[in-house]
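Below is one structure, written out as structure tokens, with a few remarks after it.
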Amino acid sequence: MRVRALIAATVAVALVPVGSADAARLVRFTTKSGHVDAREPKTTFNEVHRDGLPRPQALPVNVMLPDGYDGKRRFPVLFLLHGHGDTYDSWADPRNGDIMHLAAGLPAIVVMPEGGRGWYLDWWSGGRRAEPGWESYHLDELLPLVLHRFRVRRGRRWHAIAGLSMGGEGAMYYATQRPGFFGSVASFSGPLSIQRPEWPSGFDTQGEDHNDVFGDPAAQEFYWAGHNPTALVGNLLHTRVFVAVGDGNPVRPDDFDNAFGQVAERDLRQHAEDFVNAAEGRRLDVTYDPLPGIHDWPYWRQHLTDAMHWGLFGRVPSRSRRWEFTTVSRHSRAWAMRFDFVKAPTTLAEFRRAGKVLSARGAGTVRVRFPRGAVRTLKLPFSVRIPGAK
């Protein structure tokens with residue numbers, strides 16, 4: 001673990017931009033999804049920034065194209081997720097993320113999707129694991145669409161994901177579920193330890209019922225663990241990780257009036273330390289960036305600035321013959337393998353590769369598509385030789 005040695009003066013209203021905004025372009029497109037229906041009452045949005053968009057159909061996406069983007073040259077990609085109470089446009093809003101100035105010199109495509117107030121997962125919804133299905137939308141529909149529509153560099157080194165608050169949790173979770181795709185992940189003030197005893201009641205203050213989103217903490221403990229970044233750190237063994245968080249102590253004069261921002265960040269500091277301790281225990285490549293400050297945009301702009309200087313596209317292994325992957329998803333991918341369960345898992349499914357052997361623990365029947373195209377249907381637990389492995 002590396003802890004950044006940052007002084008309080010780095011948290012300031014005037015943040016240092018990476019470059020000039022003149023050459024970057026912001027484009028927007030809208031999508032439809034088979035997993036997120038905006039007409040469904042549980043698909044909650046924040047209406048600000050959505051003026052002029054056809055609510056029942058549109059899932060908007062902002063994309064910042066870097067200087068030199070001409071549709072021919074390939075660039076790295078950063079998926080940048082918003083927080084609860086925000087929208088796809090919050091990172092681009094000059095009053096909030098101000099991404100066009102903050103990251104103007106970043107030589108990467110920055111994708112900022114709509115996430116509603118969905119917590120970046122397929123809701124438990126009484127066991128249906130849908131309604132809405134934000135995880136399935138982002139990972140199975142939007143991600144391939146972005147790769148098709150934009151010129152993205154190949155290789156996991158060039159694929160990063162980051163987010164603030166709810167989006168920080170979402171970024172870390174998505175990185176655990178696509179370890180062969182995302183090489184780096186950054187969380188800013190994210191709830192990274194969602195099985196802390198105070199979190200279910202704290203979660204409910206956000207406007208959603210935790211029983212709808214994650215299920216009952218006891219009866220559906222596996223579903224909570226399967227979306228808890230702290231419980232899934234093993235999936236990130238070959239991923240570069242950056243964690244930034246405040247301590248809840250006001251720095252700017254206006255911060256003293258923001259009681260929620262102070263209380264929230266104090267709790268999220270504990271989340272961050274749970275996660276970092278777990279990551280350190282597994283010897284992850286994690287950089288911890290604890291700062292003074294509260295739960296508010298000036299600090300998240302600083303966190304993103306720090307993450308860009310840390311390096312969102314640092315060197316990572318392009319492939320690995322030794323990895324582990326834990327999931328509760330019915331359909332998932334890890335390291336050029338695809339796992340499709342006949343029925344959605346009702347316990348944590350844990351896969352492990354050790355050289356030529358793939359083993360699994362848990363329950364259920366899964367269809368495994370191996371890297372060279374071979375497909376086998378296997379019942380967990382199992383241990384098999386990987387077809388074609390050398």
Nearest atoms (heavy-atom pairs only) where [X] meets [Y]:
X      : Y      : value
Ala225 : Ala231 : O-CB, 3.7 Å
Met166 : Pro191 : N-CD, 4.2 Å
Phe313 : His159 : CD2-N, 4.2 Å
Glu114 : Tyr137 : O-CE2, 4.1 Å
Met64  : Ala103 : CE-O, 3.3 Å
Leu26  : Ala92  : CD2-CB, 3.8 Å

Please confirm whether the backbone N or O of [Y] pairs with a side-chain atom of [X], one donor and one acceptor, at under 3.5 Å?
X      : Y      : value
Arg367 : Val375 : no
Asn235 : Gln177 : no
Trp123 : Gly118 : yes
Arg353 : Leu358 : no
Asn62  : Val111 : no
His148 : Pro144 : no
Thr347 : Gly362 : no
Asp255 : Val251 : yes
Trp224 : Gly215 : yes

Is [X] atom [atom1] crowded by more than 12 heavy atoms from other residues, nucleotides or ligands, each under 6.0 Å away?
X      : atom1 : answer
Arg319 : CZ    : no
Arg330 : CZ    : yes
Arg74  : CZ    : yes

Does a donor on one side chain sit under 3.5 Å from an acceptor on the other, for [X] and [Y]?
X      : Y      : answer
His295 : Ser165 : yes
His82  : Ser90  : no
Ser33  : Glu141 : yes
Glu208 : His84  : yes
Glu273 : Asn277 : no
Glu135 : Ser329 : yes
Glu265 : Ser189 : yes
Trp335 : Ser320 : no

Start with the C-alpha gap between Thr327 and Phe339, add the side-chain angles, then the distance that decides, and say whether side chain to side chain contact (heavy atoms under 4.5 Å, CB included) holds.
CA-CA 10 Å; Thr327 188; Phe339 305 99; 6.0 Å; no

Taking Phe275 as the fixed residue, which of Thr230, Leu232, Val245 is the one that meets the side chain to side chain contact (heavy atoms under 4.5 Å, CB included) rule?
Thr230

Is there a side-chain contact between [X] and [Y], using heavy atoms and a 4.5 Å cut-off?
X      : Y      : value
Val241 : Met172 : yes
Phe75  : Trp158 : no
Leu121 : Tyr223 : yes
Pro200 : Phe203 : no
Pro217 : His210 : yes
Asn211 : Trp124 : no
Leu237 : Trp323 : no
Ser332 : Arg338 : no

Are [X] and [Y] connected in the hydrophobic side-chain network, where two residues link if heavy atoms are under 4.5 Å apart?
X      : Y      : answer
Leu378 : Val328 : no
Leu236 : Phe325 : no
Ile294 : Phe260 : no
Val316 : Val233 : no
Val366 : Phe222 : no

Is the His271 ring parallel, tilted or perpendicular to the Trp199 ring (thresholds 30°, 60°)?
perpendicular

Check for me whether the distance between the ring centres of [X] and [Y] falls short of 6.0 Å.
X      : Y      : value
Tyr174 : Phe79  : no
Tyr120 : Tyr173 : no
His227 : Trp119 : no

For [Y], is there an ion pair with [X] - N to carboxylate O distance below 4.0 angstrom?
X      : Y      : value
Asp274 : Arg196 : yes
Asp296 : Arg252 : yes
Asp93  : Arg95  : yes

Evaluation steps, side chain to side chain contact (heavy atoms under 4.5 Å, CB included), between Arg301 and Leu304:
CA-CA 5 Å; Arg301 290 194 295 269; Leu304 177 58; 5.9 Å; no

For Ser383, the side-chain hydrogen bond (donor to acceptor under 3.5 Å, both in side chains) test, sequence neighbours excluded, returns none

In Å, rounded to the nearest 0.5 Å, how long is the span from [atom1] of [X] to [atom2] of [Y]?
X      : Y      : atom1 : atom2 : answer
Asn96  : Leu102 : CG    : CG    : 12.0 Å
Arg385 : Arg376 : CZ    : CZ    : 11.5 Å
His35  : Asp140 : NE2   : CG    : 6.0 Å

Is Arg149 positioned over the aromatic face of Phe29, cation under 6.0 angstrom from the ring centre and no more than 45 degrees off axis?
yes

Please confirm whether Arg240 makes a cation-pi placement over Trp310, using NZ or CZ under 6.0 Å from the six-membered ring centre and within 45° of the ring normal.
yes

Going through the distances and angles, do Leu65 and Val63 end up as a side chain to side chain contact (heavy atoms under 4.5 Å, CB included)?
CA-CA 6 Å; Leu65 299 175; Val63 179; 3.8 Å; yes

For Asp98 and Trp297, what are the C-alpha separation, side-chain angles and deciding distance, and is it a side chain to side chain contact (heavy atoms under 4.5 Å, CB included)?
CA-CA 10 Å; Asp98 199 20; Trp297 274 105; over 6 Å; no

Asn258/Gln262 under side-chain hydrogen bond (donor to acceptor under 3.5 Å, both in side chains): CA gap, chis, key distance, verdict
CA-CA 6 Å; Asn258 187 345; Gln262 296 174 46; over 6 Å; no

